[in-house]
Engineer: 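Quick one: the structure is below, questions incoming.
Naming: A, B, ... by sequence-line order, numbering from 1 per chain. Please read these numbers as outputs of a predicted model, since none were measured by experiment.
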Amino acid sequence: MYDFKKIENKWQQFWENQKTFNASNDSKKPKYYVLIEFPYPSGVGLHVGHVRSYTALDALARKRRLEGYNVLFPIGWDAFGLPAEQYAIKNKIHPKDAVKENIKTFKKQIQELGISFDWDREFSTTDPEYYKWTQWQFLKFYEHGLAYKAKKDINWCPNCKIGLSNEESSGGVCERCGSSVVQKEKEQWMLKMSEYAEPLLTGLDDTDFQEKIKTAQVNWIGKSVGANIKFKIADTDENLIVFTTRPDTLYGVTFMVISPEHPILETLKSKIKNYDEVVDYQKESKNKTDFERAELNKEKTGVKLNGVYAINPANQQQIEIWVGDYVLMNYGTGAIMSVPAHDDRDYEFAKKFNIPIVEVIQGGDITKEAYKGEGPLINSGILNGINTKVEAIDTMVEYLEKQNLAVRQTNYKLQDWVFSRQRFWGEPIPMIHCDECGWVPVPTTELPVLLPDVVNYEPTDNGESPLAAIEDWVATTCPKCGGSARRETDTMPNWAGSSWYWLRYMDPHNNQTFASKEALNYWGQVDWYNGGMEHATRHLLYARFWNQFLHNIGLVPNSEPFKIRAAHGMILGANGEKMSKSKGNVINPNDIVNELGADALRTYEMFIGDYEKEAAWSTNGLKGCKRFLDRVWRLQEHINDKSGYTLEGLVHKTIKKVTNDIENMKYNTAIAALMILLNEYEKQDSITKQDLLILITLLNPIAPHITEEINALNNLGKPLCDSTWPTYDDSKTVADEYEMIVQVNGKVRGKEIVSTSSSKEKMEEIAMNIENVKRYIDGKEIVKIITIPKKMVNIVIK
RNA sequence: GCGAGAGUGGCGGAAUGGUAGACGCGAAGGUCUCAAACACCUUUGGUAGUAAUACUGUGUGAGUUCAAGUCUCAUCUCUCGCACCA
């Protein structure tokens with residue numbers, strides 16, 4: 001019937017030749033910046049999931065262009081990272097070559113879909129011209145005291161003798177050899193993201209992120225307000241400071257627990273009578289992975305410190321101190337006050353080790369479980385008689401503050417960002433270590449610090465980055481004193497390159513700076529950013545942190561990088577499970593493109609269901625969409641030479657529906673509306689050119705190739721990509737007549753076609769005279785009549 | 001455990017508090033054909049009825065309302081995110 005392959009190639013060529021989708025940095029039009037999360041070009045090629053989000057945002061971008069905006073809709077590649085490194089090691093090639101191949105495949109696949117990206121702005125995070133600026137920005141962090149080195153645990157496989165990423169050590173076992181992963185301490189570069197916890201939280205108010213995404217961010221930042229309280233250690237000058245959100249329960253504190261890594265253990269060494277036992281416990285928990293330690297339902301373990309006691313500052317009682325690995329060193333102060341009566345974990349611990357449980361909040365049954373609700377305070381000295389939590393907390397903190405035993409404190413779960421990876425395939429951290437001068441930044445004139453072109457970059461067996469083994473590369477001179485020095489061999493994490501890429505798109509070829517002031521000011525914020533839910537926490541936080549920092553040092557105009565952040569749902573296999581090779585339910589988008597065309601695939605993926613929800617693949621559904629496009633194509637055979645709209649009301653209604661639905665990412669109902677329009681057109685003997693033009697214009701953002709071709713074949717006007725988005729007249733969306741619904745006591749008893757201009761009285765009169773309605777109301781008392789103009793009449797009888 | 005979201009035909013899914021099931025798929029019957037495929041037409045939540053129509057129906061149970069898939073409360077189930085965070 002028509003050769004979709006030929007048509008799609010033709011228009012893709014046309015757009016490319018005409019540079020239709022190239023954004024201009026000096027346009028009089030209003031700007032609009034549409035961004036999709038750039039892909040990691042894996043060896044497997046494009047996934048149908050990519051097609052869903054790319055098409056959705058493509059439709060938005062295309063519509064915005066027709067509406068007269070200067071649209072920036074770019075794409076690039078997030079190509080550093082482990083899979084490429086491992087693939088390259090396995091095949092004995094350089095990762096950059098592997099990446100080059102993969103990008104080629106991805107690019108071709110994406111181009112065949114007819115996504116309106118501005119390919120002139122394409123780059124990869126692995127391009128030296130790009131990572132030069134990633135390194136440059138790292139040095140800005142360093143310059144402003146936000147990058148520092150600290151000892152941190154890494155996941156370590158004692159068998160393979162290499163450091164592992166969290167992904168490689170999931171479940172607490174090494175992905176390669178299956179042995180259990182331990183923690184090994186190593187000096188690492190860190191970024192002080194914790195300093196930005198509050199701005200990252202309040203900044204959300206300046207965005208229109210989807211609510212679920214805001215929530216994910218808020219949870220991850222994990223703000224909690226409370227106090228740091230000082231507990232004296234009996235018979236010493238030492239103190240233990242704990243963080244708590246519940247100072248009101250202080251009288252219920254019957255013991256303390258400190259983390260095995262807590263430094264006070266060393267300080268109190270001579271006082272602790274069972275120090276050997278403590279050391280054993282420390283070793284034991286060191287060998288546990290984070291995973292094991294955090295495993296729920298696990299029985300609590302701990303060791304009591306013999307010979308030392310703390311003093312409860314509320315009632316001066318001596319209480320036991322325990323070491324337990326359920327207390328984490330990296331949150332709060334690494335020590336807690338335990339209130340077994342009102343905390344599950346403390347309750348469990350106290351029960352196991354026979355520690356007293358003192359109830360201080362009334363309302364539960366503490367013989368059975370910890371009580372966590374509100375209630376009047378009891379057994380609580382100065383707090384007795386207070387009924388609310390807020391008041392009790394305040395009273396207690398004020399009481400302790402006067403004695404210098406407490407300070408109000410806000411804590412965040414958000415930690416500093418571990419910015420080092422012991423890997424080859426990442427941006428080298430541009431620092432040099434000199435024995436004389438310490439850490440010295442690489443001068444910006446010497447950026448980028450390039451990755452060496454070597455053949456061997458297997459991980460070393462001492463936990464260092466593979467770069468450490470490349471002596472030629474490591475040995476350098478100190479930029480400060482000129483003496484011999486060594487390069488930092490750690491590389492940046494995968495998240496680095498994606499933490500500012502949207503800025504580079506604004507001015508991708510600039511070799512003076514990461515993006516010119518003019519470009520940054522012109523494009524400003526990303527108006528609409530789309531990505532997966534899996535990146536709604538970490539990537540989004542890193543990107544916002546990075547941008548807020550650049551803003552604070554005056555390099556970018558906006559504090560928040562993204563106005564809207566939306567998330568698409570996943571596309572599952574036909575069996576409702578996640579697509580995977582092993583399950584054999586993978587659909588390759590390019591098979592579909594070859595078989596039924598890009599337009600059919602695009603239309604189907606937009607029609608598949610609610611954009612935000614996951615959806616299962618259905619080949620029959622796909623065929624239905626292909627059928628729809630075929631029917632649109634056949635409309636060409638029924639054009640008459642009349643002018644105007646044959647179905648004016650419906651046309652205006654459809655423009656309205658499609659316009660609003662694309663704005664709200666309700667593509668499925670937009671397409672449904674177009675199907676309705678088509679169904680009605682088909683019922684006519686023939687339609688006008690305008691009728692056809694309006695349908696294909698509205699369909700164009702979703703199925704751009706076939707609509708352009710129909711437009712050209714029938715001389716309907718200039719190419720659709722150069723035309724304008726239709727507007728609707730609200731008054732024309734209302735028909736002259738409508739079907740009035742008549743209910744009796746809320747149940748539909750009749751329908752009648754009436755004029756839209758009918759008055760309430762007229763509507764009621766008609767309603768009462770419907771035969772079936774009469775059957776219900778005759779002889780009954782009419783209590784009242786509710787009449788909704790242009791809709792319905794409800795007669796309430798007794 | 002905490003947080004977010006969702007439960008509607010055989011399936012994917014529509015419904016500013018106002019006709020539940022739009023649109024699509026599938027299925028059944030028909031037209032075309034030697035036949036099939038394609039295409040086209042008709043029907044399609046369930047029960048009863050030739051039909052008009054009636055009853056019933058949005059996870060479950062209450063409630064608010066003239067009117068509830070939609071609002072409120074309770075409850076169950078599922079999905080996702082976070083999780084020994086003090």
Side-chain angles (χ1 to χ4, degrees), chain A residues 1 210-220 222-224 226 229 242-246 249 256-257 259 293-298 300 324-328 330-339 342-346 348-349 372 411-415 533-534 536-537 567 569-570 574 576 603-604 607-610 612-625 627-628 630-631 634 657 666 668-679 682 739-751 771-772 775 783-788 790-797:
Chain A
M1 173 163 88
Q210 279 174 353
E211 218 38 56
K212 62 175 174 181
I213 290 173
K214 280 194 184 181
T215 313
Q217 295 267 297
V218 170
N219 288 345
W220 195 274
K223 179 177 183 173
S224 54
I229 298 179
V242 302
F243 172 71
T244 179
T245 55
R246 298 298 302 274
T249 60
M256 302 182 81
V257 185
S259 153
R293 242 177 105 162
E295 208 176 356
L296 218 71
N297 303 327
K298 185 200 72 175
K300 300 254 177 306
D325 66 3
Y326 81 96
V327 177
L328 310 172
N330 61 7
Y331 183 78
T333 62
I336 61 163
M337 56 178 229
S338 291
V339 187
H342 306 290
D343 181 282
D344 287 333
R345 296 153 301 176
D346 298 347
E348 194 192 327
F349 197 87
K372 291 162 292 176
N411 273 347
Y412 302 88
K413 285 188 214 169
L414 188 70
Q415 307 274 312
M533 213 43 213
E534 68 275 18
T537 46
M570 221 191 309
T603 308
Y604 170 61
F607 188 62
I608 195 167
D610 189 331
E612 290 170 28
K613 289 194 207 131
E614 53 186 34
W617 183 265
S618 154
T619 299
N620 280 328
L622 168 67
K623 284 183 190 154
C625 288
R627 209 171 294 162
F628 164 65
D630 291 348
R631 284 164 59 204
R634 283 198 299 267
K657 179 82 180 144
K666 293 186 137 294
N668 53 340
T669 48
I671 293 169
L674 291 169
M675 286 173 170
I676 293 171
L677 185 64
L678 171 67
N679 289 346
E682 284 179 339
E739 193 180 43
M740 178 178 75
I741 303 304
V742 182
Q743 300 180 340
V744 177
N745 283 353
K747 292 204 173 189
V748 180
R749 298 301 182 191
K751 300 173 185 181
E771 277 307 315
N772 197 44
R775 275 177 49 198
V783 182
K784 62 171 155 179
I785 301 177
I786 290 120
T787 305
I788 314 287
K790 294 177 202 165
K791 214 161 239 165
M792 53 158 292
V793 174
N794 185 12
I795 303 164
V796 185
I797 58 166

Engineer: Tell whether A:Asn620 reaches the base of B:C25 with its side chain through a donor-acceptor pair below 3.5 angstrom.
Structural biologist: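 In this structure, the two groups form no donor-acceptor pair.
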Engineer: Tell me which of A:Asn330 and A:Arg749 sits closer to the 5' end of RNA chain B, going by the nucleotide each one is nearest to.
Structural biologist: A:Arg749
Engineer: So does A:Lys300 reach the base of B:C84 with its side chain, donor to acceptor, closer than 3.5 Å?
Structural biologist: yes
Engineer: Quantified in whole Å, what is the P atom distance between nucleotide B:G5 and nucleotide B:U72?
Structural biologist: 12 Å
Engineer: Contact class for A:Ile788 vs. all strands (heavy atom < 4.0 Å): base, sugar-phosphate, or nothing?
Structural biologist: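 Touches a base.
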Engineer: A:Lys791 side chain: which of B:U16, B:C66, B:A54 is closest?
Structural biologist: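 Closest of the options to the side chain of A:Lys791: B:U16.
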Engineer: Check this one for me: any side-chain N or O of A:Asn794 less than 4.0 Å away from OP1 or OP2 of B:U19?
Structural biologist: no
Engineer: Got a donor-acceptor pair under 3.5 Å from the side chain of A:Lys747 to the base of B:U19?
Structural biologist: no
Engineer: Check whether any side-chain nitrogen or oxygen of A:Arg627 sits under 4.0 Å from OP1 or OP2 of B:C25, and answer yes or no.
Structural biologist: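 Looking at the OP1 and OP2 atoms of B:C25, one of them is under 4.0 Å from a side-chain N or O of A:Arg627.
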Engineer: With a 3.5 Å distance limit and no angle check, can you tell me whether A:Tyr604 reaches the backbone of A:Thr619 through a side-chain donor-acceptor pair?
Structural biologist: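 No; zero donor-acceptor contacts below 3.5 Å.
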Engineer: Select base, sugar-phosphate, or nothing to describe what A:Ile676 touches, counting heavy atoms under 4.0 Å on all strands.
Structural biologist: sugar-phosphate
Engineer: With sugar-phosphate meaning primed atoms plus P, OP1 and OP2, does A:Met792 contact a base, only sugar-phosphate, or nothing at under 4.0 Å between heavy atoms?
Structural biologist: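 Counting heavy atoms under 4.0 Å across all strands, the contact made by A:Met792 includes a base.
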Engineer: Does any non-hydrogen side-chain atom of A:Arg246 lie less than 4.5 Å from one of A:Val339?
Structural biologist: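 No, every pair of side-chain atoms sits at 4.5 Å or beyond.
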Engineer: Which is true for A:Lys751 with a 4.0 Å heavy-atom rule: it touches a base, it touches only sugar-phosphate, or it touches nothing?
Structural biologist: base
Engineer: Would you say A:Asn679 places a side-chain N or O within less than 4.0 Å of OP1 or OP2 belonging to B:G24?
Structural biologist: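 It does, given that an N or O in the side chain of A:Asn679 lies less than 4.0 Å from OP1 or OP2 of B:G24.
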Engineer: Give one of base, sugar-phosphate or nothing for A:Asn411, where a contact means two heavy atoms less than 4.0 Å apart.
Structural biologist: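 Answer is nothing: A:Asn411 stays at 4.0 Å or more from every strand.
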Engineer: Determine the Euclidean distance between corresponding C1' atoms of B:A27 and B:A52; express it in Å to zero decimal places.
Structural biologist: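 It works out to 28 Å between them.
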Engineer: So A:Gly624, base contact, sugar-phosphate only, or nothing? Heavy-atom distance under 4.0 Å.
Structural biologist: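 Sugar-phosphate only.
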Engineer: Identify whether any heavy atom of A:Lys212 sits under 4.0 Å from a base atom; if not, whether one sits that close to sugar-phosphate; answer base, sugar-phosphate or nothing.
Structural biologist: sugar-phosphate
Engineer: Taking only the P atom of each, what is the distance from B:U16 to B:C71 in whole angstrom?
Structural biologist: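 11 Å, rounded to whole Å.
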Engineer: Given 3.5 Å as the limit, does a donor-acceptor pair link the side chain of A:Asn772 with the main chain of A:Arg749, or not?
Structural biologist: yes
Engineer: So, for A:Gln743 and A:Met792, which heavy atoms are closest and what is the spacing to 0.1 Å?
Structural biologist: OE1-CE, 3.4 Å
Engineer: Taking only the C1' atom of each, what is the distance from B:G21 to B:G69 in whole angstrom?
Structural biologist: 11 Å
Engineer: Would you classify A:Lys372 as touching base, sugar-phosphate or nothing, given that sugar-phosphate means primed atoms plus P, OP1 and OP2, and contacts are heavy atoms under 4.0 Å?
Structural biologist: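 A:Lys372: no heavy atom of the nucleic acid under 4.0 Å.
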Engineer: Taking all atoms of both residues into account, what is the closest heavy-atom pair of A:Asn668 and A:Asp610, and its distance?
Structural biologist: ND2-N, 3.7 Å
Engineer: Using a 4.0 Å heavy-atom cut-off across all strands, classify A:Ser224 as base, sugar-phosphate, or nothing.
Structural biologist: sugar-phosphate
Engineer: On RNA chain B, check which nucleotide each of A:Thr215 and A:Lys613 is closest to and give me the residue with the more 5' one.
Structural biologist: A:Thr215
Engineer: Between B:G24 and B:U44, how far apart are the P atoms? Round to whole Å, please.
Structural biologist: 15 Å
Engineer: Out of A:Leu674, A:Ile608, A:Ile671, A:Leu622, which residue meets the side chain to side chain contact (heavy atoms under 4.5 Å, CB included) rule with A:Thr603?
Structural biologist: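 Result: among A:Leu674, A:Ile608, A:Ile671, A:Leu622, A:Ile671 is the only option passing the side chain to side chain contact (heavy atoms under 4.5 Å, CB included) with A:Thr603.
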Engineer: Can you tell me how far C1' in B:G10 sits from the matching atom in B:C66, rounded to whole Å?
Structural biologist: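 Result for the C1' pair: 36 Å, nearest Å.
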Engineer: Say we look at B:U64 and B:G9: how far apart would their C1' atoms be, to the nearest angstrom?
Structural biologist: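 After rounding to an integer number of Å, I get 29 Å for this pair.
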Engineer: Nearest whole Å is fine: how far is B:A86 P from A:Asp346 CG?
Structural biologist: 12 Å
Engineer: Work out how far the C1' atom of B:A67 is from that of B:C78, and round it to whole angstrom.
Structural biologist: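 Going atom to atom, C1' in each nucleotide, I get 31 Å.
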Engineer: Out of B:A22, B:G18, B:C82, which nucleotide sits closest to the side chain of A:Gln743?
Structural biologist: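 The answer is B:G18.
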Engineer: Identify whether any heavy atom of A:Glu739 sits under 4.0 Å from a base atom; if not, whether one sits that close to sugar-phosphate; answer base, sugar-phosphate or nothing.
Structural biologist: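 Answer is base: heavy atoms of A:Glu739 come under 4.0 Å of a base.
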Engineer: Does the A:Asn411 side chain pair with the main chain of A:Ser224, one donor and one acceptor, at a distance under 3.5 Å?
Structural biologist: no
Engineer: Give me the stems containing RNA chain B, sorted by first residue, counting only three or more consecutive Watson-Crick or G-U pairs with both distances under 3.5 Å; say none if there aren't any.
Structural biologist: B:1-7 with B:76-82, B:10-12 with B:23-25, B:26-31 with B:39-44, B:45-48 with B:53-56, B:59-63 with B:71-75
Engineer: Show the nearest heavy-atom pair for residues A:Thr249 and A:Met337, with the distance to one decimal.
Structural biologist: OG1-CE, 3.8 Å
Engineer: Between A:Ala536 and A:Ala216, which heavy-atom pair has the shortest distance, and what is it?
Structural biologist: O-CB, 4.3 Å
